[in-house]
Each structure stands twice: as C-alpha cells, then as structure tokens.
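Reading through the structure tokens given below for one structure.
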Amino acid sequence: MTTHAPQAAQAVTLPASLDEAVAALAAMPAAVPVAGGTDLMTAVNSGQLRPAALVGLGRISEIRGWQYLDGHALLGAGLTHARMGRPDFAALIPALAAAARAAGPPQIRNAGTLGGNIASAAPMGDALPVLAALEATLIIAGPGGARREVPVSHLLAGVDMLRGGELIGYVRVPLLHAPQVFLKATGRTGPGRAIASVALVLDPARRGVRCAVGAIAPMPLRPLEAEQWVASLIDWDNNRALAPEALAAFGEYVSAACIPDPVPAEDGSVQPLPPAVLHLRRTVAALARRALGRALS
C-alpha cells in the first residue's frame, strides 16, 4: 500500500463488455483502464500517476478465457498470470505458461493480466519476449465495435500505438506444437524482476528457430541472424541434433547481437565493455544456450 493518500479518482466505471469499456474510455479521454492494477498502483503510490477516472476491466468475462481459432489460440487480455500458469494452459503454450509462473509472488500472479503486461510494456515484463518469439498479434478493440490487428512487436517498438479509446482485447498466438522454452535470470533467489530473459521456440513447419531476449532493452530483442544461422545447422528431418559447440556458439552469437561491442573511436581504439555489461552479456549467452539445448533435447 502507500504511506501517503493519493488523490481519489473522480469517477469509476465498471463495464460488463469490451465494447462498453471502449465506449467509457471514449467518453472520458482522461480515464485510465485498470485490470489487475499491479503496474497502475505502483505508479500511483510513487506519485507518477494521478488518474482522474478509472475504467475497471475486471467484470468483462469475455476477455478472461481463451479459444482455438484456425490453428491459433485467441487469448483474452484479462487472463491472469496465475491462470496461464496452470497445466492445461501449459499444454497449449508452454513458454507463456513458464513466463506466467515466473512473474512474481502469488499476489502478483493472481492479479496481473496478460493485457496489462503488454500495455505497460515494462522491459522486465516476462510475457513480452515470449510473445515476441511466438510472433503474436494483438486484436485491438476500438469505438463503434471496430477491431484491428497489430503485431505485438509493433506495439512494443512504438511503430503502431494504441489510439484514443482503444483497448487490447485479445492476443492471437500461433500454435506451433513444438518445443518452446522461457528462462530468466534474477538478481535474487526465487521469483523476482528479471535482469535478463530468453524465450525460444522451434518452428518445425518452417524449419526455423525464434529467439527473443527480454529485460536488457526497452523492448524484446530478436537476434535474427543468430536464429537463421542455428536453424541451418539443425537436422530437422531426424532427431534435431546439434553439437555442443554449436549450442555454445549460438549463445555467444545471441549475446553479441543484443549487447554489441562498443563502436571504435576515430583513432581506431575500442573501449572495453564495463564489467557489469560483460556479466550481462555472459548471462544472456548462458540463457540462450540453455534454452536452445532444452528445446532440442
């Protein structure tokens, strides 16, 4: 809670449907949508945000489940981390379930939602690298029943932002029916904020490997050249075997792509990376190596 009393919201609206929530936001441009409130209350308690009005999303049942649709899973933005961490969901999208289970202590997992994780776009958001690696698409609800689709990477990169009166309604995730892994490193024992995370999925149909690195930059990073290189080495027709040396090289390739060496100065000299950055690069390399090894095992 807070040690000081935040300014009370002037209005609280509790819509029962997604379109009602969009209409409420359109009618009150200064309103802030709230689902689990884990990020919102942190901003309120720190004095960074004083919402004039709130639109609560907790009563919208249509965005709290999921369904199958044309080889995809259509996930409601109101799904909590706790719900995504259960075995039935883990059988559907293992990496996203692993990220949900690692999202924090039980009180955070019970309240925090998939849509909130995306909308807040915090670099440490555990779901974000998984969604980037899966190349998920957002279904955005707008005024008048309008719907549009945006790649999650576009929203996170600021290429296509939410417009006034819009809400993230659903997340469309391809069902790959192949191994996928999420790993993260924290600064302390047990669930906590990631200092680095890696999501890795295999796509046998396209003979591809997709990898996304989270927490080290404002948005998840995709080392595309490293993905293409290692995919060309995998024996897709047999047991997907890969030599240990290739696993180690992949880890180094990913870490160097995401945390590159400094640009040489005009005189040609190169300043070494600070020890903390070198440690972070080694951490990313280890996570990427282990993630690929688990996916191929």
Side-chain angles (χ1 to χ4, degrees), residues 17-19 21-22 25 33 35-36 57 60-86 88-100 103 112-122 125-163 165-182 197 199-206 208-212 214 219-222 224 227:
S17 71
L18 191 58
D19 286 332
V22 168
L25 288 172
L57 309 179
I60 306 177
S61 59
E62 64 190 279
I63 61 171
R64 300 185 71 84
W66 71 83
Q67 58 184 297
Y68 301 98
L69 184 66
D70 300 328
H72 291 71
L74 194 62
L75 312 179
L79 275 171
T80 64
H81 299 304
R83 185 65 191 88
M84 291 188 290
R86 295 181 187 174
D88 58 339
F89 190 92
L92 187 73
I93 312 173
L96 192 54
T113 63
L114 177 62
N117 212 214
I118 299 167
S120 62
D126 292 317
L128 303 185
V130 178
L131 296 175
L134 290 169
E135 296 182 348
T137 301
L138 305 178
I139 297 179
I140 309 297
R147 300 290 187 269
R148 66 186 181 98
E149 295 197 22
V150 177
V152 68
S153 58
H154 286 195
L155 182 69
L156 298 177
V159 175
D160 197 339
M161 303 296 289
L162 290 176
R163 302 163 188 165
E166 288 188 330
L167 279 173
I168 299 172
Y170 303 92
V171 183
R172 189 195 301 271
V173 178
L175 296 178
L176 301 178
H177 304 294
Q180 45 185 263
V181 179
F182 171 79
S197 61
L200 187 138
V201 301
L202 301 184
D203 189 348
R206 299 181 182 178
V209 174
R210 298 192 219 142
C211 177
M219 61 170 288
L221 304 177
R222 286 280 303 275
L224 298 178
E227 294 176 1

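Only heavy atoms go into these numbers, but all of them, side chains included; no hydrogens, no water, no symmetry mates.
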For [X] against [Y], the heavy-atom pair lying closest together:
| X | Y | result |
| --- | --- | --- |
| L134 | R210 | O-NH1, 3.2 Å |
| A133 | A212 | N-CB, 3.9 Å |
| P33 | L25 | CD-CD2, 4.0 Å |
| P129 | D126 | CD-O, 3.4 Å |
| E166 | M161 | OE1-O, 4.4 Å |
| A99 | V130 | CB-CG2, 3.9 Å |

Taking the side chain as everything from C-beta on, heavy atoms only, tell me whether [X] gets closer than 4.5 Å to [Y].
| X | Y | result |
| --- | --- | --- |
| V209 | L202 | yes |
| L74 | I139 | yes |
| I93 | L175 | yes |
| I140 | L155 | no |
| E149 | Y170 | no |
| E135 | D203 | no |
| V173 | L75 | yes |
| I168 | L114 | no |

Approximate separation, where rounding is to 0.5 Å, of [X] [atom1] and [Y] [atom2]:
| X | Y | atom1 | atom2 | answer |
| --- | --- | --- | --- | --- |
| L167 | D19 | CG | CG | 10.0 Å |
| H72 | D70 | NE2 | CG | 8.0 Å |
| L57 | L18 | CG | CG | 8.5 Å |
| L156 | H154 | CG | NE2 | 10.5 Å |

For residues 75-85, which residue pairs qualify under side-chain hydrogen bond (donor to acceptor under 3.5 Å, both in side chains), counting only residues two or more places apart or in two chains?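 Output for this query lists R83-D88.
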Tell me if the CZ atom of R147 is crowded by more than 12 foreign heavy atoms within 6.0 Å. yes
Can you tell me if D160 uses its side chain to pair, donor with acceptor, with the backbone of V150 under 3.5 Å?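 The answer is no, because no donor-acceptor pair under 3.5 Å joins these two groups.
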